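Single-structure report; data block below.
The structure displayed is predicted, hence computed values, not measured ones. Note on naming: letters A, B, ... go to the chains in the order of the sequence lines (proteins, then strands), and numbering restarts at 1 for each one. Computation of the quantities below employed the complete heavy-atom set of this structure, encompassing side-chain atoms and omitting hydrogens, waters and symmetry-equivalent molecules.
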Number of protein chains: 2
Amino acid sequence: MLTIGQLAAYAGVTVRTVRHYHQIGLLPEPERDASGYRTYTATAVVALIKIRTIANAGVPLARVRAMLDADPATFAEAIQRIDDHLRDEIERLETSRKQIGRLAAGDSLVLPPEVVAYLDRLRAIGASERMVAGERDGWILVGARWPDYPRDWIPYKIAQLEDPRVVRLYRLLSDALDGDPGDESRLPEVADLMVELAEESGEEETGGQAEDDLPFDLMDAFAIESDPRAVRLMELMRERGWARWTKLERVRE
Amino acid sequence: MLTIGQLAAYAGVTVRTVRHYHQIGLLPEPERDASGYRTYTATAVVALIKIRTIANAGVPLARVRAMLDADPATFAEAIQRIDDHLRDEIERLETSRKQIGRLAAGDSLVLPPEVVAYLDRLRAIGASERMVAGERDGWILVGARWPDYPRDWIPYKIAQLEDPRVVRLYRLLSDALDGDPGDESRLPEVADLMVELAEESGEEETGGQAEDDLPFDLMDAFAIESDPRAVRLMELMRERGWARWTKLERVRE
DNA sequence: GCTTGACCCTGACGCAGCGTCAGGCCCCGA
DNA sequence: TCGGGGCCTGACGCTGCGTCAGGGTCAAGC
């Protein structure tokens, strides 16, 4: 006969664990000796090890109990599900390891170096800090969901800055943003310039899959939520025959 | 600007989670708008994703917070420890998968077939149910800790049963066990027979490593705890020059 | 016989990491 | 103006034990 401490030691658990399993009816209460001590037989060791084997696989104790008094077919099925779950869990931890690794390898999670370079360029051409902060937040948002996007698109954005008209556009936007939030007087000029640039670049980019548009949708939404004047500006663009914001499209009509 | 719901969606967590992180000071409380709504910037998304990246690796939130305001060197060190922990955890789950598999592949965890065969043989030679139950519990105990032991030793035990004196020994023990627990009158006869068998088999087995003796120690202890007469029997054996129980040894003097 | 230390007993509160009401305000589209 | 969805602040619930608190028991040594 075994005491609770010996039982626990053989099964590799604590005494408290055994008592807990009694309390929730997972392990039947054994006989007591004269002084009230629980006295176990070896079958309890087996039962306990079986319970721990299942519980170690991440199965909640309530389901372990359900498994113990299930018929063999149901039991086997449950085992299969547990194994599947274990496989998924291992996979999850492995991707977690990769992400942790990326965290260690410089703060690429925070801001990709390409974006930093782009923001520096924006400052260099005279964009306001507000403007830069807005751009930064937008790219952070996009990068959080589609980590590869900034790397693919930033070079294109930087190249655009070679065009003096693009530079002028950013300065106009900066001035507009720094002014009174209710002052929409400078927006038509901005819209005209954007249309001019859009007409010129044409529709080379149309034909991209809808999936690729998600990040741009997000940035559009972000711009609109950041400042009420973005809404007015989009209206002005639509009047001129263009829709969307960060990726312009001719309105089809 | 983002609402709490949008923030949560971008980071892939629930609103409740974000609020919880505010409550425990893991994520700073943002500004509120006129109606008391929290208003987030994209940096919050980044912070939240960073938190989740670390927490997903199984790091408790308290330690996540400690990491967030640690210097880069300490941070890198912590990341290393997390990675180690992840590796261990993956390994643990993989062994768990193997054990679950053994559970599915027949109840080898409960009683190895060799032991079942051995118990049947014991019944066949006339051992009492009490005796068989005691043997069963002993082998269960051993098998729980050293799964390969029964497979290696049971054939030897079965072979021993070919000797009529061994059969007589088991019958004597059965009778003794089924009698009054205080009745030790039949023990000397048992001891004499055990000594006879021990003298004959000699000390072929001496030289085994100490590690190999653990299971036998366990079975000795189990026998003693099962019945007070086992203690008396061991005394009688020692008087006759032999120590231990399930694996006899000449007393060195 | 008495102490000491290692066990055993029950009962109860504590902890992480949120889920999930409850009760109430706010915003937007029809 | 009404309904549905989203926001707010509490506050209790859940799992799987750890960890006292406040007691009895057992074996060993003096």
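- Dashed line: the shortest gap from a side-chain N or O of A:R16 to OP1 or OP2 of C:dG11 is not under 4.0 Å.
- The closest side-chain heavy-atom distance from B:E135 to B:V132 is not below 4.5 Å.
- In this structure, B:R19 atom CZ and D:dC7 atom P are separated by 8 Å, rounded to whole Å.
- For B:R32, a side-chain nitrogen or oxygen approaches OP1 or OP2 of D:dT9 to under 4.0 Å.
- Each of A:G5 and B:V59 has a nearest nucleotide on DNA chain C; the 5'-most of these lies closest to A:G5.
- Residue B:L7 contributes atom CG, which lies 15 Å from atom P of D:dG6 at whole-angstrom precision.
- Among the protein residues, B:L61 comes within range of the sugar-phosphate backbone only, with heavy atoms under 4.0 Å from sugar or phosphate atoms but none that close to a base.
- Among A:R52, A:E29, A:R65, A:R16, the single residue meeting the side chain to side chain donor-acceptor pair (under 3.5 Å) criterion with A:Y21 is A:R52.
- Remark: P of D:dA27 and CG of A:D33 are 10 Å apart, rounded to the nearest angstrom.
- Looking at which nucleotide of DNA chain D each of A:A34 and A:H20 is closest to, the 5′-most match is held by A:H20.
- In terms of phosphate contacts, B:T17 brings no side-chain nitrogen or oxygen within less than 4.0 Å of OP1 or OP2 of C:dG17.
- Contact check on A:D84 versus A:R81 returns no salt bridge, with no Lys/Arg side-chain nitrogen under 4.0 Å from an Asp/Glu carboxylate oxygen.
- The separation between A:L48 atom CG and D:dC17 atom P is 11 Å, rounded to whole Å.
- Contacts of A:R38 with the nucleic acid, taken as non-hydrogen atoms under 4.0 Å apart, involve only primed sugar atoms and P, OP1 or OP2.
- In this model, the phosphate group of D:dC7 is approached by a side-chain N or O of B:T3 to a distance below 4.0 Å at OP1 or OP2.
- Contact annotation: B:S35 reaches the phosphate of C:dC27 (side-chain N/O to OP1 or OP2, under 4.0 Å).
- Here D:dC7 presents its P atom at 14 Å from CD of B:E29, a figure rounded to the nearest Å.
- An OP1 or OP2 oxygen of C:dC18 is reached within less than 4.0 angstrom by no side-chain nitrogen or oxygen of B:T14.
- Backbone-only contact: B:I4 has heavy atoms under 4.0 Å from sugar-phosphate atoms and none from a base.
- Residue-level contact check: B:R65 touches neither bases nor backbone, having no heavy atom under 4.0 Å from any strand.
- The CZ-P distance, from B:R63 to C:dA16, rounds to 12 Å in whole Å.
- Atom-to-atom, CG of A:L26 to P of D:dC17 comes out at 10 Å; the value is rounded to the nearest Å.
- Phosphate proximity of D:dG16 to A:Y21: absent, as no side-chain N or O sits under 4.0 Å from OP1 or OP2.
- Between A:H22 and A:R38, the closest side-chain pair of non-hydrogen atoms falls below 4.5 Å.
- Remark: P of C:dC7 and OH of A:Y40 are 16 Å apart, rounded to the nearest angstrom.
- We find that B:E94 and B:R97 are not joined by a salt bridge, their nearest charged nitrogen and carboxylate oxygen being 4.0 Å or further apart.
- A donor-acceptor contact shorter than 3.5 Å is absent between the side chain of B:S96 and the backbone of B:R92.
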